[in-house]
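The sequence lines fix the lettering, A, B, ..., with proteins before strands; numbering per chain opens at 1.
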2 protein chains.
Amino acid sequence: MNTRAPQQRRLKTRAKLIEVAQEIVAVQGYSGLRVEDVVDQAGVAKGTLFSHFKDKDGLLAVLIGAEVMTQLDQMEAQGQPNNINEVIDRLSPLLSFIATDRVIFELLLRYSGSTGAEIDEVVTAGLVRQVTLFAGWLAQLQHTGEVRNDSPAELLSEGIQAFLYHVLALWFCIEHTNDDSPATSLQPFLHSWLAPKT
Amino acid sequence: MNTRAPQQRRLKTRAKLIEVAQEIVAVQGYSGLRVEDVVDQAGVAKGTLFSHFKDKDGLLAVLIGAEVMTQLDQMEAQGQPNNINEVIDRLSPLLSFIATDRVIFELLLRYSGSTGAEIDEVVTAGLVRQVTLFAGWLAQLQHTGEVRNDSPAELLSEGIQAFLYHVLALWFCIEHTNDDSPATSLQPFLHSWLAPKT
DNA sequence: GAGATAAATTGACCGCGGTCAATTTTAAAA
DNA sequence: TTTTAAAATTGACCGCGGTCAATTTATCTC
């Protein structure tokens, strides 16, 4: 009747599934990922994948969560931004990554409200970390007067998220010339949001 | 080699499909809509549906578009709001409608960036109308000083959309007690966005 | 080592959206 | 009326995500 610890076999299988999935994504992109391909190349049955991950999104969440974490590392490495334009600069790579593939966007959107609970999901932890990081930046910029003081940094940070997803949603609706980036469209919103001129 | 006008037969079929779909939605909700059920009850083959609508979303867009239009009618009927809280009041029913079903949210999000082009889609027209309506309200409120003047009404209107979808995205991630509404969470964002106290 | 029991894996099967070559229906042209 | 070509419809078929009863494998107990 007792529950036992997971066996090494299970851990290996999980690792293999993720590894194979990453290889496929590297070639086909996230939209090109097929569950059947993953299990075939991993040498396991379909059911196995779904015993390791709730659904296909569960697997994707691991892959994308890892990528988001990397992006956040690079963001943090750049240090505290000194003004709003530098905030946008920090954001830009993450935006471009998400803009790569609608699948990423939809997954992040689905997980975007998982506040705190079930942080076992990497992607959730990533999103929480992101909001916290932004809030820290903003609090600092509030002190230097670059950012408005009348609203708490947490609210402003959440607002950035809102604009971020808004811009991305538009991004996926239109055709793109290669020389424009989603970060550009973000600019007017963030300036108005963080530094109103009233 | 000529192209001919559509026949009455086609119009009837299309109408029947929409009618049946609406009946099913009334009972099962949007998430409960199955293409197979629609074609069965409409007495046509599956392929027929896809010759009338690009995909299932195409059909949904018609149904949801119609509903959005109704909501906008009621919004307009209430007349110009006098302050931000009244703006939120006007928004509230639409929010609640979208909050009803994730399918609605995702569809509107997908079409949210269809600016102008292909207005043949009802839902696109609805979304354009919405932004225009908001912009009109805001321009008026800018004159009375209820809303900030440093940003164009169009930008502010788009920003409302962003917050609206943000709040809804969070809404679908958490459990709800029946006594809270998505409009409540919208409040702090809209006040900060439209009337900064700096 | 021989059961006993939980963990891990399997793969046939299902639901559902979407496709397309073939067929039927309509209406304009001869 | 017959011919002809476009319009409309058909339904067998496919792709792909997800399920679950059955089977195999590992680990614990005596």
Side-chain angles (χ1 to χ4, degrees), chain A residues 1-21 24-25 27-64 101-104 106-107 110-111 121, chain B residues 1-21 24-25 27-64 101-104 106-107 110-111 120:
Chain A
M1 220 24 146
N2 260 340
T3 60
R4 294 174 184 168
Q7 311 171 190
Q8 292 74 359
R9 182 169 52 139
R10 185 166 180 80
L11 299 178
K12 272 201 146 184
T13 305
R14 183 187 156 98
K16 181 73 179 172
L17 284 169
I18 294 175
E19 178 198 330
V20 166
I24 295 178
V25 166
V27 179
Q28 320 262 15
Y30 286 94
S31 327
L33 190 70
R34 299 283 165 268
V35 168
E36 205 185 329
D37 293 343
V38 177
V39 295
D40 283 356
Q41 293 185 33
V44 298
K46 214 180 204 178
T48 300
L49 190 147
F50 291 102
S51 99
H52 283 264
F53 307 97
K54 183 180 172 297
D55 49 23
K56 193 188 173 187
D57 268 13
L59 172 58
L60 280 172
V62 173
L63 305 185
I64 293 173
D101 199 319
R102 170 142 223 152
V103 170
I104 308 176
E106 281 169 355
L107 185 124
R110 176 157 301 135
Y111 281 80
E121 289 282 4
Chain B
M1 222 21 148
N2 260 339
T3 61
R4 295 174 184 168
Q7 312 171 192
Q8 293 74 359
R9 181 170 51 139
R10 185 166 179 80
L11 299 178
K12 272 202 146 182
T13 304
R14 183 187 156 99
K16 180 72 180 173
L17 285 170
I18 294 176
E19 179 198 332
V20 166
I24 295 177
V25 166
V27 179
Q28 320 260 16
Y30 286 94
S31 326
L33 191 70
R34 299 281 164 271
V35 168
E36 205 185 329
D37 294 343
V38 176
V39 295
D40 284 356
Q41 293 184 33
V44 299
K46 214 179 204 177
T48 300
L49 190 146
F50 292 101
S51 100
H52 283 265
F53 307 97
K54 184 180 172 297
D55 49 22
K56 193 188 173 188
D57 268 12
L59 172 57
L60 279 171
V62 173
L63 305 185
I64 293 173
D101 200 319
R102 170 140 224 155
V103 171
I104 307 175
E106 281 168 355
L107 185 124
R110 175 157 301 136
Y111 282 79
D120 47 287

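For A:Thr13 and C:dT9, the shortest distance from a side-chain N or O to OP1 or OP2 is below 4.0 Å.
Place B:Lys46 and A:Asp55 on DNA chain D by their nearest nucleotides, and B:Lys46 ends up nearer the 5' end. Comparing B:Asp57 and B:Arg9, the nucleotide of DNA chain C nearest to each residue sits closer to the 5' end for B:Asp57.
As rounded to whole Å, 12 Å separates atom C1' of D:dA8 from atom CG of B:Leu17. Distance, B:Lys12 NZ to D:dT9 C1': 16 Å, rounded to whole Å. Here the P atom of nucleotide C:dA7 and the CZ atom of A:Arg14 are 17 Å apart, to the nearest Å. Put simply, CG on A:Leu59 is 16 Å from P on D:dC16, counting in whole angstrom units. Taking atom CD of residue A:Gln8 and atom P of nucleotide C:dT9, one finds them 12 Å apart after rounding to whole Å.
Within a heavy-atom distance below 4.0 Å of DNA chain D, no residue of residues 28-42 of chain B is found. Contacts between residues 47-54 of chain A and DNA chain D, counted as heavy-atom distances below 4.0 Å, involve A:Gly47, A:Phe50.
Looking at residues two or more places apart in sequence or on another chain, you find a salt bridge (charged side-chain N to carboxylate O under 4.0 Å, His left out) between A:Arg102 and A:Glu106.
Interatomic distance, A:Leu60 CG to A:Leu107 CG, rounded to the nearest 0.5 Å: 6.0 Å. The CG atom of B:Leu63 lies 12.0 Å from the CD atom of B:Glu19; values are rounded to the nearest 0.5 Å.
The two atoms that bring A:Ala42 and A:Leu17 nearest to each other are CB-CD2, 3.9 Å, heavy atoms only. Listed here is the closest heavy atom pair of A:Ala45 and A:Val39: O-CG1, 3.7 Å. A pairwise comparison of heavy atoms in A:Ser51 and A:Arg10 identifies O-NH2, 2.8 Å as the closest pair. Nearest heavy atoms, B:Val62 versus B:Ile18: CG1-CD1, 3.8 Å. The shortest heavy-atom contact between B:Ile24 and B:Gly32 is CG2-O, 4.5 Å.
Looking at A:Lys16 and A:Thr48, their side chains never come closer than 4.5 Å, going by heavy atoms from C-beta outward.
A salt bridge (charged side-chain N to carboxylate O under 4.0 Å, His left out) check over residues 45-61 of chain B, counting only residues at least two apart or in different chains, returns the pairs B:Asp57-B:Arg110. For residues 28-44 of chain B, the set of pairs meeting the side chain to side chain donor-acceptor pair (under 3.5 Å) definition, not counting sequence neighbours, comprises B:Ser31-B:Asp101.
In the helix from C:dG1-D:dC30 to C:dA30-D:dT1, the end axes, each obtained as the rotation axis mapping the C1' atoms of four pairs onto the next four within a five-pair block, lie 10° apart to the nearest 10 degrees.
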